[in-house]
Amino acid sequence: MKINNDKMITEGEIYRFLQKVDDKFPIPLSKKQDLKCFSKKLFEKATVVVKHENEEIVAMVAGYTENIVDNIAYITILATLECARGKGYAKGIIEDFFEICKSKKIKAVHLYAAPSNIPAVNLYKKIGFVQYKIENEPRKEDLHLIYYFDK
């Protein structure tokens with residue numbers, strides 16, 4: 001499901017956005033995976049919510065709300081172009097993502113964040129995400145955060 005206020009977005013738009021935010025993460029996305037393949041995966045399998053300004057994606061959250069484990073969705077990416085930061089777009093699109101999750105009766109959403117990405121960690125905590133530990137944590141170097149809908 002690709003959403004922008006009822007407007008479908010394309011795989012190409014996702015790819016162009018990922019190229020723009022690639023080096024804005026503590027470890028560039030392209031160092032972890034091929035951006036074309038990631039765009040295709042997001043387009044085909046993820047729930048993607050975006051914010052546009054002047055016909056350009058300026059903020060995007062993408063995650064998995066189908067075929068999930070323990071009825072918990074997973075946010076794989078949240079990014080905002082530098083020119084659009086501080087406008088509340090990230091919070092807004094996360095809230096839209098939450099609404100989709102609630103409509104699917106999902107009980108929680110989890111994500112990973114680099115501890116060095118202080119603005120992102122602060123945003124997640126302000127929204128209500130809490131630190132979460134699981135056995136055999138696959139990404140020990142990252143913070144694992146979760147948001148429960150029934151608090």
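Each residue takes its place number in the sequence, starting with 1. Every heavy atom of this structure was used, including side-chain atoms; hydrogens, water molecules and symmetry mates were not.
- Remark: aromatic rings of F149 and Y147 are close, center separation under 6.0 Å.
- Rounding to the nearest 0.5 Å gives a distance of 10.5 Å between OG of S30 and NZ of K32.
- Taking both residues in full, the closest heavy atoms of I14 and I57 are given as N-CD1, 4.5 Å, listed atom of the first, atom of the second, then distance.
- Judged by distance alone, the side chain of N71 and the main-chain N or O of K105 form a donor-acceptor pair under 3.5 Å.
- Of the possible polar contacts, one joining the D34 side chain to the K36 backbone as a donor-acceptor pair under 3.5 Å is found.
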Legend entry - Test side-chain contact (heavy atoms from CB on, under 4.5 Å) applied to V109 and I94, step by step: CA-CA 10 Å; V109 176; I94 288 174; over 6 Å; no

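- Between E56 and K20 the shortest side-chain heavy-atom distance falls below 4.5 Å.
- Under the 4.5 Å side-chain heavy-atom criterion for grouping Ile, Leu, Val, Met, Phe, Trp and Tyr, Y124 is not connected to I27 through any hydrophobic cluster.
- The CG atom of L143 sits 9.5 Å away from atom CG of L111, with the distance rounded to the nearest 0.5 Å.
- Y112 and H144 have parallel rings, their planes meeting at less than 30° on a 0 to 90° scale where 60° marks the start of perpendicular.
- The closest side-chain heavy-atom distance from L35 to Y15 is below 4.5 Å.
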Legend entry - Chi angles and distances behind the salt bridge (Lys or Arg N to Asp or Glu O under 4.0 Å) call for E13, R16: CA-CA 5 Å; E13 287 176 297; R16 287 186 295 280; 5.2 Å; no

Legend entry - Audit row: K107, D150, side-chain contact (heavy atoms from CB on, under 4.5 Å) steps and yes/no: CA-CA 7 Å; K107 72 177 184 180; D150 294 325; 5.5 Å; no

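- Smallest separation of non-hydrogen atoms from L145 and A113: CD1-CB, 4.4 Å.
- Here D23 contributes atom CG and K31 contributes atom NZ; the two are 10.5 Å apart, rounded to the nearest 0.5 Å.
- Distance CD1/I72 to CD1/I146: 4.0 Å, rounded to 0.5 Å.
- Across K51 and Y89, no two heavy atoms sit closer than the pair CE-CE2, 3.5 Å.
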Inset, instruction - Begin with the C-alpha distance, continue with both residues' side-chain angles, and end with the deciding distance and a verdict on side-chain contact (heavy atoms from CB on, under 4.5 Å) for K91 and K126. - result: CA-CA 9 Å; K91 183 177 185 276; K126 183 177 178 182; 5.6 Å; no

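- Between A114 and V121, the shortest heavy-atom contact is O-CG2, 3.7 Å.
- Taken from CZ in F98 to CD1 in I106, the straight-line distance is 11.0 Å, to the nearest 0.5 Å.
- The structure places OG1 of T76 at 6.5 Å from NZ of K41, a figure rounded to the nearest 0.5 Å.
- T47 and F97 get closest at one heavy-atom pair: O-CE1, 3.7 Å.
- For the pair H110/I75, no side-chain contact is recorded, criterion being any heavy-atom separation below 4.5 Å from C-beta on.
- Looking at V50 and I93, their side chains never come closer than 4.5 Å, going by heavy atoms from C-beta outward.
- The side-chain tip of K45 does not point at the ring of Y64 from less than 6.0 angstrom away and within 45° of straight on.
- H52 has its side chain within reach of I9: a pair of non-hydrogen atoms, C-beta onward, lies under 4.5 Å apart.
- Nearest heavy atoms, F17 versus A59: CE1-N, 3.9 Å.
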